[in-house]
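Here is the structure we will look at, set down as structure tokens.
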Protein chains: 2
Amino acid sequence: MLTIGTLAKKTGTKVQTIRYYEQVGLMPEPGRTEGGQRRYGDTELDRLAFIRHARQLGFGLDAIRELLDLSDHPDRPCEEADAIARRQLRQVEQRMARLEALKTELERMIHECSGGRTADCQVLTVLRDHSECLTEHDEIGA
Amino acid sequence: MLTIGTLAKKTGTKVQTIRYYEQVGLMPEPGRTEGGQRRYGDTELDRLAFIRHARQLGFGLDAIRELLDLSDHPDRPCEEADAIARRQLRQVEQRMARLEALKTELERMIHECSGGRTADCQVLTVLRDHSECLTEHDEIGA
DNA sequence: CTTGAACCTCCAGTAGCTAGAGGATGTAAG
DNA sequence: CTTACATCCTCTAGCTACTGGAGGTTCAAG
């Protein structure tokens, strides 16, 4: 039987985060000691490791919920899990494309800044006037 | 004199967002009509455009506050603005590197999934067992 | 039995908005 | 001048995914 602290250490999760996962229904309500402290078994350890790993891969909690659900039903076709992963991949690719555009623009701003007074600073000039931009970029809401 | 709605349209910002910027001190408190409605001039329009553009480039509100401050002092050396932009560029590069690792991992997961039952799904297997991973990836907190 | 680390619940805060309730204002048409 | 109605106002709450702290209890070792 594992305490919440041990579980936290084993999975690299904060204690509060585990309680949060319980609160939002990602982790089950575990057994308790007479005094009311949580005690976990290996099932929960595996589940938490799964969640953490999926988080590291950038999956959102909702996607993880779906993945866990699929994982609990071994006989269902795995197309859904595949679809979730593909969706995630698309998101990653989109984010990368956006970041690529931002990177270009930032590099140009910095490169052209000659290092004088702020009045002539290219960084600030570009920000003042969008038409100075060479690329389209839409980071907001990324 | 522009209403908040007009300002919103011209800059592609939601009305609430403009009020939010005022609340957090990015936008000044504008003049008001007798009835209490906000009225803006071109100064505010420029300032909001600057903010929005910086947001599109991924700058955080704190960085934007600094940039606006620098922009208000034309005689200061522009090294600070340059430094902020370089910091932002580094962040973008780091995020891209992380996303690259995630992309690789996701592609591998998807590629190896043969499309049978979820019991044999490679997507779920990888998530279950981190040691299956070829790359290090740390998206959490990105 | 005592000590101290680890546990408990509950509340608040982070970034950057966004949505909605419930009511006031501004403007153009009739 | 009145009426209609789009737009404005403030205020509160919600979103993601946690994180931190206050104030108090429990567990395990010595």
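Order of the sequence lines sets the chain letters (A, B, ...), proteins ahead of strands, with each chain counted from 1.
- Rounded to whole Å, atom C1' of D:dT7 lies 11 Å from atom CD1 of B:Ile4.
- There is a side-chain donor-acceptor pair under 3.5 Å between B:Arg52 and B:Tyr21.
- As a whole-Å value, the separation of A:Ile18 CD1 from D:dT19 P is 11 Å.
- We find that CZ of A:Arg32 is positioned 16 Å from P of D:dT25, with the value rounded to whole Å.
- Between the CG atom of A:Asp62 and the C1' atom of D:dA17 there is a distance of 11 Å, given to the nearest Å.
- Between C:dC17 and B:Arg52, a contact under 4.0 Å exists linking OP1 or OP2 to a side-chain N or O.
- When the P atom of D:dC18 is taken as reference, atom CD of A:Glu22 falls 15 Å away, rounded to whole Å.
- Of the candidate nucleotides D:dT19, D:dC9, C:dC7, D:dT19 has the atom nearest to the side chain of A:Lys14.
- The pair A:Glu22-A:Arg38 counts as a salt bridge, with a side-chain nitrogen and a carboxylate oxygen less than 4.0 angstrom apart.
- Taking a cutoff of 4.0 Å between a charged side-chain nitrogen and a carboxylate oxygen, A:Glu107 and B:Arg86 do not qualify as a salt bridge.
- Closest to the A:Tyr20 side chain, of the nucleotides C:dT27, D:dA17, C:dT25, is D:dA17.
- Atoms CD (A:Gln16) and P (C:dC8) sit 10 Å apart, rounded to a whole Å.
- If you find the closest nucleotide of DNA chain D to B:Tyr40 and to A:Thr3, the one lying nearer the 5' end belongs to B:Tyr40.
- Distances were taken from every side-chain heavy atom of B:Arg19 (C-beta onward) to each of D:dC18, D:dC8, D:dT26; the shortest belongs to D:dC8.
- Between B:Leu61 and A:Arg38, the one whose closest nucleotide on DNA chain C sits nearer the 5' end is A:Arg38.
- Toward the 5′ end of DNA chain C lies the nearest nucleotide of B:Gly60, the other residue of the pair B:Thr33 and B:Gly60 mapping further downstream.
- Between A:Asp82 and A:Arg87 there is no salt bridge, since no side-chain nitrogen of the basic residue lies less than 4.0 Å from a carboxylate oxygen of the acidic one.
- Which of D:dT19, C:dT18, D:dA17 sits closest to the side chain of B:Thr17 comes down to C:dT18.
- A close approach under 4.0 Å does not occur between any side-chain nitrogen or oxygen of B:Tyr21 and OP1 or OP2 of C:dG16.
- One atom, CD of A:Gln37, and another, C1' of C:dT9, lie 13 Å apart when rounded to the nearest Å.
- If you take CD of A:Gln23 and P of C:dT9, they are 10 Å apart, rounded to a whole angstrom.
- In summary, the side chains of B:Thr3 and B:Arg39 do not present any donor paired with an acceptor at a separation below 3.5 Å, with no hydrogens or angles considered.
- Regarding contacts with the backbone of C:dT25, every side-chain N or O of B:Arg39 stays at 4.0 angstrom or more from both OP1 and OP2.
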